[in-house]
Amino acid sequence: EEQYKMAVKMYESQKYGKALRLFEKVTPAYRAKPQMERIQFMIAQSNYNEKNYPLAGYYFDRFTKNYPKSSKKEEAAFLSANSYKLASPRFSLDPTDTNKALEAYQSFINTYPDSDRIDEANKDYKELRYKLEKKYFEIAKTYYRTADYDARNYKAAIQAFDNLLEDYLGTSFKEEALYYRFKAANDFVFKSTDRRKKERIKDAIDAYDKLVRSFPKTTYLEEVNEMLAKLQKEEARIDAIIAKMKKIENIQKK
Amino acid sequence: TTAQVKKDSLSVVKKDTISTNKLSYEKGKEYILGGVSVTGLQKFSEETVRVFTGLRYGQPIKLPGDKLTSAIKKLYESKQFSDVDVYLAKVDGNTVYLQFDVQELPQLNQVKINGIKRSKAKELIKETDLKLGVMVTDNLLVTTKNYFAKKYTDKGFLKTKVSIDVKKDTSDINSVNMSVFIDKGKRIKIKDIIFTGNKALSGRQLRKAMKNTKEKFFGRFWKTSKYIEEDYQEDLESIVDKYSRLGYRDARILSENITWNDDNTININIDLEEGRQYRFAEILFVGNKEYTDEQLHQILRIDKGDIYNGAVLKERVKGDGTPTSFDISTTYQDNGFLFSQVNAVETKVENDSITVEIRIREDEKARIKKVTVSGNDKTNDHVLFRELRVKPGSLFSRKEIIRSIREVGQLGFFDQNVVPDVNPNYQNKTTDINFNVVEKGGSQIELQGGYGGGSFIGTLGLSFNNFSIRNIFKKEAYKPLPMGDGQKLSLRLQSSRTYNTYSFSFTEPWLGGRKPRSLSFSIYSSNQYQLNPQTFDVDKSRSLGIIGASLGLGERLKWPDDYFQLSQTISYQSFKLNNYGFRVGADVLNNGTLNNLSYSATLARNSAGPSLIFPTYGSEFSFGVKATLPYSLLNNKDYSGLAPAEKYKWLEYYKLNAKGKWYTSFTDKLVLMSNAEMGYLGFYNDELGQSPFERYFVGGDGIAVFQLDGREVVGLRGYQNNRLSSIEGGTIYNKFQLELRYSITDSPSASIYTLGFLEAGNSYDNFKDFNPFKVKRSAGLGIRIFMPAFGLLGIDFAHGFDPLPGQSEKSGWQTHFIIGRQF
């Protein structure tokens, strides 16, 4: 009882670290009592204020599940999402918290479409999504950048750009991703043996079509058109070889 | 049991309402809930229980009905009540009033464990979660009791008795104190293990097959003769396994029992049936399209007529669990067939020969769709993704997963326990793979102040293994330091009254980010002053200044295989003497400048892994050349008459080094490291002779301390540092090592292993003396502790069996302290 009052006092005087230590002590005694609702919220809020964002996210989320009828549920749901967002590191690191934040915002937006915080939630959601798009775009580019050293990375880059375009339909990186997707396919053609070229030229030309269809005025237009011309020239050469081979085959058959 | 009680209480509603309260209600009619009262309360308030039930006044309620059932269920689920009954308190037209009669569970206040040591009791309480405020249920009492009993029987106290006494605590409402009495009795040892029914194998051979259950005898050291049920069951399986490896496929344990002896020991009696010995008849392959029967036979390595060995058959079909397993399943898994299934089935048993059919369902090859990484809290994606051999768009390959784990481990700032998470999608014949990594600090900071050589010495050393130089001017990157690009940076400043040294080095492993071509760069400068021996004053007019710089390029090769690396370094050192008195070989130099400009190239192959600290497989080889220009052959000077300052103005020498290391693992914790190495320092010009610089100094811990003469320090434990070489240093050395390592723990915060070793090596002054078998031998034991913030620390106790040069008594016991990495 004493410790509980003390903890609340610490909380109210913004000494969150101390409050957390005290709350930890009193929780077993208040398990399943009406005060617990308030305690759990204060624990979550203290963690938030102490910048333990992953923990805060977890506690706010647990609060919404334990007290579905609480008047603070909406606030907790938002703060849970917000905590995960604040915990989410820069794009090139572990995406676990970013994904958790996205999920939490999505569920907040679905549950409280009329909330005062809906604009902020939508804005945060977009920001987080952009972070993931950037992440997967940069990883795909890493494959492309190292493909000259390791030719398997052309395939890796192609697949990675395809994954990005498939998973994030309206991505802000669409134009660049389509451009690099085409470039990777194009470079791959000229690193391949003649035997493999036919199908890879087709894949590259398909990639070109996708880029130009989606972005007819793309800034890369001049460059990609030049690449396309070379590809078509190469295709003609390969077709000629194939035709020649067929002829020889036919003659041999006769 | 709760379900049972629930039903009863519902029937109570029906029965009691009618018989005792003489109130009647219409079954199935919807009433309005007018109120809820609660009886039987001790600690809880009425309001709390009402909240638990989830019932609201004024809500419609059927009797009996879902809402009431769920209210009772909720009360039980709160785990606060042992009994819940519901009565109809009042019916007022359409309105009903309910009464809940509850029995609160007592809360735990104090726990006392008697019969064992207090510290042990504390530990046990922690393990069992007997926390203040826990509800004391029957279930809790039973599980606690069983837990304690098992804890001690598992340790060989077969006669352990546990009883728990629960008493009401009068100081608090509805709480109890728990007293646990543990009587562990005497530890029970195994006297005899007696086999009956065995003919092909002797009792001794069978006892040996039991890895954990051992007979008691004087001097048993590694394993105790405790009886532990779980281990014993495992050992019974080992016996059957032993037989099956010898072709006794039908061998089985008929019965086994334990008999007690008077002296608190037990005998184990095992009766078994061996059956007959079988041989392989035909081995047939069914369903293979990708590989021919011949190819599969070569993998299986079992011929018709071989003694039937079920265990080996299984290993060659399903794999033996090691990364290097060579078997049919692994061969399929390494080549895209993630969904393949391979099973060996005995199809015919004729006399003593068994026909085996290997049934293969190849399925389609699986392609990797997504590769992701999680857990990288500090390291940027590109640093990891450029090392991963598993790539989107490629075929699934188990081998590449293992290789990826190794490559991540070799970075040095991740824990070696990388967990790959394979998520196959059978429909699309694709799979996603996530690598979950755990960051391990890779930075070491050394800040020292000390008193030595008559003055204060201050040292500041910083070494970062995962630096990010591009963020060095970004304030927000300092958390606490710009990290995550996999660059190495180290800085060391040391200063005292008589000398100061500064050094800086930097390595970028992927210069330009396109190729694994590393660039390293280092500079250092050092100044030493002579001390006036009379006054102990520093004489700044007598000094030795050294400036050095080196530039290195390393490149991973793809040929002969992609474990190879070629590195090249150009380094330059200048020694400026100012009335200093510097020993150069047999001469003493006072003034002048010496220059050491060299080029070195090393071709290395390193396949050891997965971790840098405790490799369990693979090998490391390197061959290196280091050479200066042969100035004396180019400039026509007569060197025989020159003063040392002129003679050594430009140092000349060439050097060859070869090293080979192998890691062989017996279990994942027990690894043998074998090492052989040698070095040779040669000269171009007979007149000039051997270079006094760059020599080998063999003996001791092998830690290279900053030295002025470019010496190479070679460890050989069991002897004092450098003492196996002459004072000038050797020009040839060789060394052989066998080191058995046992890993005690391997967590991100610390890796600890113990080691036992045999070593032999020697240093020779010239080729005439060289004899690779005239070596100094030693043996010893030691321990290594690696903590990310401190680097590697260790201590070795080694016994040198041979005398130091010029002495007649053997070197004897030596203690070596190991600081810093020794790879």
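Letters A, B, ... mirror the listed sequences (proteins, then strands); counts begin at 1.
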Checklist entry - Closest approach of B/Asp381 and A/Ile139, non-hydrogen atoms and distance? => result OD2-CD1, 3.5 Å

Checklist entry - Is the CD atom of A/Glu24 crowded by more than 12 outside heavy atoms at less than 6.0 Å? => result no

Next on the checklist: Could you tell me if the side chain of B/Glu476 sits less than 4.5 Å from the side chain of A/Arg90, heavy atoms only?
Outcome noted: no

Checklist outcome for this item: Answer key: most heavy-atom pairs under 4.5 Å with chain A among B/Arg556, B/Glu47, B/Lys370, B/His382 is B/Lys370

Next on the checklist: Other residues, nucleotides and ligands only: do more than 12 of their heavy atoms fall within 6.0 Å of CD on A/Glu103?
Outcome noted: no

Item to check | Nearest-0.5 Å distance that lies between atom CG in B/Asp485 and atom OG in A/Ser92 | outcome: 8.0 Å

Item to check | Side-chain heavy-atom pair B/Trp510, A/Thr146 within 4.5 angstrom cut-off | outcome: yes

Item to check | Nearest atoms (heavy-atom pairs only) where B/Asp377 meets A/Leu93 | outcome: O-CD1, 3.0 Å

Item to check | Residue B/Lys429 excluded, over 12 heavy atoms near NZ under 6.0 Å | outcome: yes

Checklist entry - Between B/Ser374 and chain A, which part of the residue has a heavy atom less than 4.5 Å away: side chain, backbone, both or neither? => result both

Item to check | Proximal component of A/Asp97, with respect to chain B [non-hydrogen, under 4.5 Å] | outcome: neither

Next on the checklist: As an exercise: rank A/Lys141, A/Glu138, A/Arg152, A/Lys69 by heavy-atom pairs under 4.5 Å with chain B and give me the winner.
Outcome noted: A/Arg152

Item to check | Region of B/Val49 in contact with chain A, defined by heavy-atom distances below 4.5 Å | outcome: neither

Next on the checklist: Which atoms of B/Arg389 are under 4.5 Å from chain A, going by heavy atoms: the side chain, the backbone, both sets, or neither?
Outcome noted: both

Checklist entry - When you look at OH of A/Tyr168, are more than 12 heavy atoms from neighbouring residues, nucleotides or ligands closer to it than 6.0 Å? => result yes

Checklist entry - Of the backbone (N, CA, C, O) and the side chain (C-beta and beyond), which part of A/Tyr154 lies under 4.5 Å from a heavy atom of chain B, both, or neither? => result neither

Item to check | Contact class of B/Val371 relative to chain A, heavy atoms under 4.5 angstrom | outcome: side chain

Item to check | Expected output: side-chain A/Asn163 to main-chain B/Lys369 donor-acceptor under 3.5 Å | outcome: yes

Checklist entry - Where do B/Pro392 and A/Gln159 come nearest, in terms of heavy atoms and distance? => result CB-CG, 3.5 Å

Checklist entry - Taking atom types as modelled, is there a side-chain donor on A/Asn153 or B/Arg386 under 3.5 Å from an acceptor on the other? => result no

Item to check | Smallest separation among heavy atoms of A/Lys155 and B/Gly393, with atom names | outcome: CD-O, 3.7 Å

Checklist entry - What is the distance from atom OG1 of A/Thr96 to atom CG of B/Asn436, rounded to the nearest 0.5 Å? => result 7.5 Å

Next on the checklist: So for B/Ile368, is it side chain, backbone, both, or neither that comes closer than 4.5 Å to the heavy atoms of chain A?
Outcome noted: backbone

Next on the checklist: Need one label for B/Arg367: side chain, backbone, both or neither, based on atoms under 4.5 Å from any heavy atom in chain A.
Outcome noted: side chain

Item to check | Pair A/Asp150 + B/Lys558: basic N to acidic O under 4.0 Å | outcome: no

Checklist entry - Do other residues, nucleotides or ligands put more than 12 heavy atoms under 6.0 Å from the NZ atom of A/Lys174? => result no

Item to check | Proximal component of A/Gln35, with respect to chain B [non-hydrogen, under 4.5 Å] | outcome: neither

Checklist entry - Any idea which heavy atoms bring A/Tyr149 and B/Arg514 closest together, and the distance? => result CB-O, 3.5 Å

Next on the checklist: Please give me the minimum heavy-atom distance between B/Gly513 and A/Arg145, naming the atom from each residue.
Outcome noted: O-CD, 4.1 Å

Next on the checklist: Taking side chain as everything from C-beta outward and backbone as N, CA, C, O, which of these in B/Val51 sits under 4.5 Å from a heavy atom of chain A? Side chain, backbone, both or neither.
Outcome noted: neither

